[in-house]
*Asks:* 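Sharing a structure, written as structure tokens. Questions coming.
Whatever order the structure lists ligands and atoms in, that order sets their numbers, starting from 1. Computed over heavy atoms, backbone and side chain alike; hydrogens, waters and symmetry mates excluded.
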Amino acid sequence: MRAVDIILKKRHGEALTKEEIKFFIKGFVNGSIADYQAAALLMAICFNGMDSRETTDLTIAMANSGETIDLSPIDGIKVDKHSTGGVGDTTTLIVAPLVAACGVPVAKMSGRGLGHTGGTLDKLESIPGFRVSLSMDEFIQTVQKVGLSVISQSNNLVPADKLLYALRDVTGTVDSIPLIASSIMSKKIAAGSDAIVLDVKTGSGAFMQSVEDSFALAKEMVEIGTRAGRNVTAVITDMDQPLGMAIGNALEVKEAIVVLQNKHTGPLREVSVYLAAQMLLTANKCTSLEDGCRMAEEALTSGRGLDKLGDMIRQQGGDISVLEDISLLPGADEIILVKAETEGYIASIDTEKIGLSSLLLGAGRSKKDDIIDPGVGLVMQKRIGDRVEKGDTLAEFYVNKQAGFQEAADTFLHAIEINKEKPELKPLIFGTVTKDGVFR
Ligand code: URA
Ligand code: CA
């Protein structure tokens, strides 16, 4: 077999065989196939696509390119959740404890911020002492003991994706459904859970900006999971504005704690309870979504979810006093109010720019090895459809370094469109995709 023939075949729009896909991934990871050949194949896939069988073969070949996690020492159906990436999207810190509090073990590997999106690991590390790098034994023991652990993805999990992602990033080949679906699902399959709930974001802060593309991506990922023997549900949720009000690491942990303290209502809480219910249903812990919602609500209002988060923080070396007093989390020297320059209604929000604004304050990375500042970020004061008068505060900026502030504030203000007419509000949850079909 030769790499060039496989590239030509895809360039001509033909389906690749499983053997050809395996040969290519293996050769790319071991260095016998060059970057430029992989880049050419990626571009051919962008133009000519892949059918579900090919995408599944690609996913499995990628998942098997490194270590795969065996969660069988943990009793019960293990359920994982994954967000395709968002802004102010703190659901894992709420959903995982709620699900664990309902008796479903959650063994989760999370990532760091990517581009304008935040990452659960960076958020967790703002808790003093919290360790995200556990050995595999410690990870399993933590789940056995407290029912919940969130750690960093092992370095050797899906090396094919690390290499391919880096190449896609610089060759204009990120936004292809088979490439995104195989990238995400290879990591979920290698991470070992039996059931997976995917939160597929749609809108101005998501990789998929149109609702139809988001459903297509969801369908592809559910198809791959089903072919690979996993029970997968995808939920399509809104990312046309940040989900929570806080954007920034410690700020988002604070907001998640306030939700688990039952002191916050709004879209973050609503989507979190819904995702938790879907996880309970996918793990066969309840027989209907309504039952799942009731169980998740009860875990939240009773405080059992908050206790579960505390158990995990303690077990992973973190300081649990932050749950009683969120001011013990990292803060900022200064809070600067960013105000509306005109009056009207918030008509739209360029959510990607809101993420970039927080990143410019120091909450995210512009280069791979940038060090993030856990205390900085912003807290939105308005959502789409809200009325604003000139001079009203749109957001509180938590600032440690004045240097980045002006650009961050300008980026933020450019992201907010204020109009005379009140806009029509979009749904928060657009629908779900399971192996049984599309529900919307
Ligand atoms: N997240 C991933 O892990 N991979 C993609 O390709 C896009 C989002
Ligand atoms: Ca921060």
*Asks:* With a 4.0 Å cut-off, would you call Lys123 and Glu255 a salt bridge?
*Replies:* no
*Asks:* Under 3.5 Å between some N or O of ligand 1 and some N or O of Arg168?
*Replies:* yes
*Asks:* Looking only at protein heavy atoms, which one is nearest to atom 3 (O) of ligand 1, and what is the separation?
*Replies:* Lys187 NZ, 2.5 Å
*Asks:* Return yes when atom CD of Glu14 has more than 12 non-hydrogen atoms of other residues, nucleotides or ligands closer than 6.0 Å, and no otherwise.
*Replies:* yes
*Asks:* Tell me which protein heavy atom sits closest to atom 1 (N) of ligand 1, plus the residue, atom name and distance to 0.1 Å.
*Replies:* Ile184 CG1, 3.8 Å
*Asks:* Do other residues, nucleotides or ligands put more than 12 heavy atoms under 6.0 Å from the NZ atom of Lys162?
*Replies:* yes
*Asks:* Would you check, one step at a time, whether the test salt bridge (Lys or Arg N to Asp or Glu O under 4.0 Å) holds for Lys201 with Asp199?
*Replies:* CA-CA 6 Å; Lys201 300 292 185 188; Asp199 180 7; 2.8 Å; yes
*Asks:* Answer yes or no: does atom CD of Glu407 have more than 12 heavy-atom neighbours from other residues, nucleotides or ligands under 6.0 Å?
*Replies:* no
*Asks:* For ligand 1, which atoms, with element, lie under 4.0 Å from some heavy atom of Phe207?
*Replies:* 8 (C)
*Asks:* Looking at Arg11, I'd like to know if its CZ atom is crowded, meaning that more than 12 non-hydrogen atoms belonging to other residues, nucleotides or ligands lie closer than 6.0 Å.
*Replies:* no
*Asks:* Under 4.0 Å from any heavy atom of Ser183, which atoms of ligand 1 are there?
*Replies:* 2 (C), 3 (O), 4 (N), 5 (C), 6 (O)
*Asks:* What is the nearest protein non-hydrogen atom to atom 7 (C) of ligand 1, stated with its residue, atom name and distance?
*Replies:* Ile180 CG2, 3.7 Å
*Asks:* Ignoring angles and geometry beyond distance, decide whether Asp161 reaches within less than 3.5 Å of ligand 1 through its nitrogen or oxygen atoms.
*Replies:* no
